[in-house]
Amino acid sequence: MKTPLQFWLVKTEPESFSIEDLAASPQQTTCWDGVRNYQARNFMTAMKRGDRLLFYHSNAKPPAVVGTAVVVREAYPDQTAWDPHDHHFDPKASPDHPIWQMVDLKLEEIFPQAVPLEELRAVASLKNMELLRRGSRLSVQAVARQEFETIVKLAHRKRPGGKP
DNA sequence: GCCAACGTTGGC
DNA sequence: GCCAACGTTGGC
């Protein structure tokens, strides 16, 4: 039996890697390297090809969900972990003991309208989202299908007084 | 720039 | 195994 699709959210600072950078990448695909948090890593190893992700810009003005992506390659060792010149170097990692994993993500869509954090907070059906939890810092999160779909809908909604 | 929240480190 | 110190995240 096929496993059902799962839904996720990944955070990135647009100054370091934005959704526009993803769109400009070869095949609009990138490896999601540099994750150095065990809980976030565990979520990445649980990802399956075809799973969909919300793409979130943190430390942005305003912070917002800006689009979606798809998992195109499941977890494999993050070799930047044992590169001493890499910003995310981890001396405990090695090719024999990778510790850290990454996945490949392909752009699905840049939202016609980004959905700012403030707007998410105003939606009752999203109140349990990890992203909205006070002090939430996890850079890879699981989201419910319902939450994913709600946010995609908000991004496509026609707003009164919006652009013609 | 401030600061709350959180994860990690290391002394004991 | 506790916990204080420290570094980082990330909204505001």
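Here is the naming used below: chain letters follow the sequence lines, and residue numbers restart at 1 for every chain.
To the nearest angstrom, P of C/dT8 lies 14 Å from CG of A/Asn37. Atom CZ of A/Arg133 is separated from atom P of C/dT9 by 17 Å (rounded to the nearest Å). Put simply, CD on A/Gln141 is 12 Å from C1' on C/dG10, counting in whole angstrom units. Across the protein-nucleic acid pair, A/Lys61 atom NZ and B/dG1 atom C1' stand 13 Å apart, rounded to whole Å. Atom CD of A/Glu119 and atom C1' of C/dG11 are 17 Å apart (whole Å). In this structure, CD of A/Gln39 is placed 15 Å from C1' of C/dT9, rounded to the nearest angstrom. For the pair A/Arg137 CZ and C/dG7 C1', the computed distance is 9 Å after rounding to whole Å. Protein atom CG of A/Leu117 is 6 Å distant from nucleotide atom P of C/dC12, rounded to whole Å.
One finds no side-chain N or O of A/Arg134 lying less than 4.0 angstrom from the OP1 or OP2 phosphate oxygen of C/dG10. Contact annotation: A/Tyr56 does not reach the phosphate of C/dT9 (side-chain N/O to OP1 or OP2, under 4.0 Å). Proximity of A/Lys92 to the phosphate of B/dT9: a side-chain N or O atom is located under 4.0 Å from OP1 or OP2. Residue A/Lys11 places at least one side-chain N or O closer than 4.0 Å to OP1 or OP2 of C/dG10.
For the side-chain contact (heavy atoms from CB on, under 4.5 Å) test with A/Leu53, the passing option among A/Val143, A/Val140, A/Val71 is A/Val71; the others fail.
Using a 4.0 Å heavy-atom criterion, one finds that A/Arg36 contacts no nucleic acid atom at all.
You'll find the ring centres of A/Trp32 and A/Phe55 inside the 6.0 Å limit. Two rings, from A/Phe43 and A/Trp8, have their centers less than 6.0 Å apart.
Using a 30° and 60° split on the angle between ring planes, A/His156 and A/Phe111 fall in the perpendicular class, above 60°.
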